[in-house]
Structures are given as C-alpha cells and as structure tokens.
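Accompanying notes for the structure given below.
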There are 2 protein chains.
Amino acid sequence: MPGQQEPVIWMRPARAPLGRPAERSRAEITAAAVELADRQGLDAVSMRRVAAALNTGAASLYRYVATRDDLLDLMIDSTASEYDLPAPTGDWQADLLTVARQARDIMRRHPWLPHLVITRPTVGPQGVDLLEHVLDALADHPADAAAKLEAFALLCALTALFVQNELAAADPGSARQTAYLRHAAALGDHPRISALLATAPPAVTPAAGAADRMETVLVRALTGVLA
Amino acid sequence: MPGQQEPVIWMRPARAPLGRPAERSRAEITAAAVELADRQGLDAVSMRRVAAALNTGAASLYRYVATRDDLLDLMIDSTASEYDLPAPTGDWQADLLTVARQARDIMRRHPWLPHLVITRPTVGPQGVDLLEHVLDALADHPADAAAKLEAFALLCALTALFVQNELAAADPGSARQTAYLRHAAALGDHPRISALLATAPPAVTPAAGAADRMETVLVRALTGVLA
DNA sequence: ACCTCTTCGCGTACAGTGTTCGCGAAAGGG
DNA sequence: CCCTTTCGCGAACACTGTACGCGAAGAGGT
C-alpha cells in the first residue's frame, strides 16, 4: 500500500510533547504571513521573507509547516476568525447575506484573500465553524446535503469574485484592458462594443452600489443551487 | 511624465518589417504552450520548457513576448477561437446558455483554463469577438453598458468556477478535505456538519446533473446583474 | 547532578524559476 | 557588396521552495 498521503495540516500535531520546546507557534507564523501579505501583497509571502519577519531562518519554518501551501491554508483559515456569527433568525436568505457582507468586508481588509479563496478552497478549524453556522441557517431548507455544501462554496467563491473585480477596477491593469477594447473597436467589425464604449463614461466605475449588485446576484445564485 | 507603461501585448507589433525575419510566430509559441499545459498542467509552462518544446533557447521567447504573463494571456485568448458563434436568436437567455455550454466544454478540454480565466480576466482579439457576440445577444436588453459588461465577466468567471469545482472533485486533495471535515465533526460541537456527513454517501459526487445545476445558477445570476 | 532522548534552529546546498545583457550571425534593401 | 536592423541564445543574476544534517537546547528519569 504505497498511497497513504499526508493529511491536512490541522490533523497533524502542532507541537511535540517531548524534547526541546518550539520557540514559536503556528499562530505566530500565520500572523506574520498575514501581516506581510496585507502590507506587500501575496507575492511577498515567501518562506525567506516570512522567516525574516520573525527574525529566524527560512528552514526553521518547516518545523511548523510542511510546505508553503500549508502556510497559505493557515492564512485562509485565520481570516475566518474575523466573522461574527449570531444565532440564525429563521430567514436563511437574510442570515446568509449577513455572512456575505462580512465576507466582503474581510476580503477588502485582506486584498490577497479572494485569490486564495478561489484557487484553493480550504476549510480549517475556523472555517468549520463558519460552515456549521451556514448549515445551521439552512437547517430548515429542504435541499439535500450536496446542494447545501455547494451553496456554501458558491457563497465564498462568488463574494471573492466580486471583491476581486471591485479591487481590480482600481489598478492600472484595468485601464490597459479598456484601452485595448477601444483599440479593437476602432478597427471596426465590432459595432456593439463601439456603441457600448460610446455610451459608458470613460472609466468611471460606479463604486457605489457594488455591494447591492453583489447581494442580488448572490441571493439569486444561492436559490439556484438550493432549488 | 514617467508613467506611460506598456500596452497589452496585442497592441504591440508582432514582427518587425526590417532586419532578419523571425523563425517563429506568436501563434506557434502559444500553441506549444497550450499543448504543454494540456498534457502536463499549467506549472509545466515555464519559459525554459516551452522553449525546449520548440527546440530553441529560453531567452529567444522574449523576442515574441515581453513576459510570461503575456504568454498566459495569449493562451487564454487562443482558446476563445474554439467557440462556434451562430447569429443570436432573439432569446438572450438561450443564446448565453449556448455560449456557457461551449465555455464549459472548452474548459474541460483545457483543465488549466478555469484558473487562468478567474485569476486574470483578459480579452484579446478572439475574446473581443466573443464579447461582441454576447453583446449582440443582449442588444435588446434594457440594461446599461456597465451591467452588460459585468454580465459577460460573470458568465466567464462563473463557468470557470463550476468547471474548476467539477474537476477538483476528482483529485485526491478533495478526499483529504472531506477527511478533515469528518475529523472535525468527530470532535463534537458541530451537529449540522455531523448530520450532513451522515446523510451524504461517502464521497460519491453526482457527476450527472453538474451541467444542469450550473445552467440554472448561471441564468439566475445573469438576470441578477442585468436587473 | 547528570545523562539521555527528542526535538529545535538553521547554515548550506540543490534544482528550478523569470528575466537581462551582450554578442555573433543572419537576412533584406540600397 | 555593405550596412542596417533584427534574431537566436549562452551565460548570468536574483530569486524561489525545499532537503539534509549538524550542533545545541530543554525536559524527564535516576
């Protein structure tokens, strides 16, 4: 039996009961990584840089984490602690919307989060609490188990998508993209795009209302998977 | 004026009219990269490996492409040529659904595509044709320009999300995740998750119907942004 | 107090990455 | 035929994630 691969990081023991005690903890390392990402972006989260932020050597981190991906998983789960989860009201749409609103706030606080949530949907101890809360809010809903799980995934991923879009509109890459659209329209053969560009104000994105649009789309999508 | 950054790759001239002619073309390099990604995954698409597949040196690629990200953009746009875009029927929901169905097929043919579409929403020459088609299908819809653009983005991103989920269910990482869920449920304090795991069959995902669920969610989400 | 056992910290090294520089060679136009 | 301009690309640089192995540190048993 050759398989038998390593389980998720949260199933492996954190500290050893014997021998020399560790000088740091997973939580400290995670916090350092999160702070680094908040300040300088996700690309700045390299083993060496995180280690430097902790005044330690890069190889030392591997006493706490088997791989860099483990560290990213820890970062994701750590942000799930920022939710405030009141008891369900009985109106599942309202309850899920308050979760989504908090998710949006959290992701705007940590601009690197949407990318991670989308590319690596992982649930750790805090994520499990969040999932439990969502399932609690959906307890009276007649949908089956698979549908509810998919609803949770969609809730997270879709908010991440919206926040990512929201944040991308503010960076220079978006300007280049619309510049190319204008260029392509100028070459002819794309009347609809030309008309659309003529209608829209140059590059003004109506930032106000982004949350509202997200919520209407989210509710419709969720009722879709739960049908 | 220090800014004045480089425009998108499709606005830069491909070949020079003077001097020694190039031995390859952007299209050839893109095709090699796509084939490599299809066969060995996106991580195998490194400058050196793509160059090796073309029997050339790594540095030579930089005559055709300014950066690796440019190459990824070329790969995305090249897949947009696989759409078959018939004239709109007048029923925009039906028209957009046929686009979405094709998107799903294309993404399943190129498993690396969802990740790229989600993390780097780029539109090149072929993508512009697709956008024009979608706008044509939406021509009679009363929504404003921004909403239609967002509908297009949502159409692409949401299908990518679904296909990614679909494909992820087949890999071993998903088993580890559910193993942890079971572990967390066994520790108590999460009755909803425990109940859900007891209900669901071990790890059998109902692959059939994935397309249907995607379509219902998609239609609802689209009517949401276009409201 | 010592001794042993186990783990910790981490310098060093390896294989790989994207990208830059600079040179020699190649081709076309005058 | 030469001259201009581009092309191909070997070599190098600054990084990256990760494996190995050693010395040191602390805790428990005696």
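So you know, we letter chains A, B, ... as the sequences are listed, proteins then strands, and number each from 1.
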Step-by-step side-chain hydrogen bond (donor to acceptor under 3.5 Å, both in side chains) determination, B:W112 to B:D38: CA-CA 7 Å; B:W112 43 270; B:D38 283 345; 2.6 Å; yes

Residue whose closest nucleotide on DNA chain C lies nearer the 5' end, B:G19 versus B:D43: B:D43

Whole-Å distance separating the CG atom of B:L71 from the C1' atom of C:dT17: 14 Å

Any donor-acceptor N/O pair under 3.5 Å between C:dG28 base and B:R20 side chain: no

Among C:dG18, D:dC9, C:dG11, the one nearest B:R48 by side-chain distance: C:dG18

Sugar-phosphate only, base, or nothing, as touched by A:A22 at under 4.0 Å among non-hydrogen atoms: sugar-phosphate

Sugar-phosphate, base or nothing in reach of B:S46, heavy atoms under 4.0 Å: sugar-phosphate

Heavy atoms from other residues, nucleotides or ligands near CD of A:E28 exceed 12 (cutoff 6.0 Å): yes

Test: A:R176 and B:E6 ion pair at under 4.0 Å: no

Rounded interatomic separation in angstrom, taking CE from A:M47 and P from D:dA14: 23 Å

The single option from A:L158, A:L154, A:L96 passing side chain to side chain contact (heavy atoms under 4.5 Å, CB included) against A:L218: A:L158

Short side-chain N/O contact to C:dT19 OP1/OP2 from B:T67, under 4.0 Å: yes

B:S60 vs D:dG8: side-chain N/O to OP1/OP2 distance below 4.0 Å: no

B:Q164, B:R104, B:R108 screened by side chain to side chain contact (heavy atoms under 4.5 Å, CB included) with B:P114, the one that passes: B:Q164

Spacing between A:Y62 atom OH and D:dG21 atom P, to the nearest angstrom: 17 Å

Residue-phosphate contact under 4.0 Å: A:R63 side-chain N/O, C:dG9 OP1/OP2: no

side-chain N/O A:Y64 vs C:dC8 OP1/OP2, d < 4.0 Å: no

Euclidean distance, atom CD1 of residue A:I29 to atom P of C:dC10 [Å, nearest integer]: 11 Å

B:D69 CG to C:dG18 C1', straight-line distance once rounded to whole Å: 10 Å

Options C:dA13, C:dG18, C:dT7, nucleotide nearest the side-chain atoms of A:A16: C:dT7

Whole-Å distance separating the CZ atom of A:R26 from the C1' atom of C:dC8: 15 Å

Distance in angstrom units between A:L54 CG and C:dC8 P, rounded: 16 Å

For atom CZ of A:R24 and atom C1' of C:dT7, their distance in whole Å: 15 Å

Touch class at under 4.0 angstrom, heavy-atom based, for A:R49 against every strand present: sugar-phosphate

Whichever of A:P21 and B:L18 has its nearest DNA chain D nucleotide further upstream toward 5': B:L18

